[in-house]
Amino acid sequence: MSHSEEEQIQQIKDWWKENGKSIVFGVAASLAIVFGWRGWQSYETSVNVAASELYDQYLMAIESPGSSAEKNTSTALTELKTNYPSSSYAAYATLIQAKQFVDAQKWSDAETQLKWIVE
């Protein structure tokens with residue numbers, strides 16, 4: 001090995017000693033951010049899918065006649081409001097419920113539903 005090659009190798013070793021920890025930390029932080037972001041997106045997707053399915057159940061219960069439909073509607077709406085309160089599905093279902101109360105001239109119940117949405 002020539003003298004210049006040994007100097008180059010030593011320069012690389014010195015550079016690695018000086019910058020190696022920062023590079024390893026940067027790569028680890030980047031990987032953590034990427035995998036964290038993907039994990040968060042996966043979680044958000046699963047929550048939205050669950051809320052969507054519950055909203056579909058709510059809509060089907062509304063369209064079904066009978067007293068069991070009222071129970072299913074109430075159960076689905078309660079689950080949406082409890083488990084997914086910040087989802088648009090909970091707000092939409094609550095708006096539908098408020099409209100049904102207005103149609104039945106149950107003004108107080110409609111007002112309660114609308115206040116929930118505002119809050």
By salt bridge (Lys or Arg N to Asp or Glu O under 4.0 Å) - contacts of Lys13 (at least two apart): none

Just wondering, do [Y] and [X] contact through their side chains at under 4.5 Å, heavy atoms?
{"X": "Trp16", "Y": "Glu18", "answer": "no"}
{"X": "Trp116", "Y": "Pro85", "answer": "yes"}
{"X": "Gln97", "Y": "Thr73", "answer": "yes"}
{"X": "Leu114", "Y": "Thr94", "answer": "no"}
{"X": "Gln57", "Y": "Thr75", "answer": "no"}

Can Gln10 and Asp14 be counted as having a side-chain donor-acceptor contact under 3.5 angstrom? yes

Going by atom types only, do Gln113 and Lys106 share a side-chain donor-acceptor pair under 3.5 Å? no

Under 3.5 Å, is there a donor-acceptor pair between the side chain of [X] and the main chain of [Y]?
{"X": "Ser42", "Y": "Arg38", "result": "no"}
{"X": "Ser52", "Y": "Asn48", "result": "no"}
{"X": "Tyr58", "Y": "Ala93", "result": "yes"}

Can [Y] be reached from [X] by stepping across I, L, V, M, F, W or Y side chains whose heavy atoms are under 4.5 Å apart?
{"X": "Val34", "Y": "Tyr43", "value": "no"}
{"X": "Leu54", "Y": "Leu59", "value": "yes"}
{"X": "Val47", "Y": "Tyr92", "value": "yes"}

Could you measure the distance from the OG1 atom of Thr112 to the CH2 atom of Trp107? Nearest 0.5 Å is fine. 13.5 Å

CD on Glu79 to NZ on Lys81, rounded to 0.5 Å: 13.0 Å

In chain order, what residues pass the side chain to side chain contact (heavy atoms under 4.5 Å, CB included) check against Ala51, with sequence neighbours excluded? Leu80, Tyr84, Ser87, Tyr89

Residues Lys115, Glu119: salt bridge by 4.0 Å N-O rule: no

Val27 vs Leu31, test: side-chain contact (heavy atoms from CB on, under 4.5 Å). Steps then yes/no. CA-CA 6 Å; Val27 168; Leu31 289 173; 4.1 Å; yes

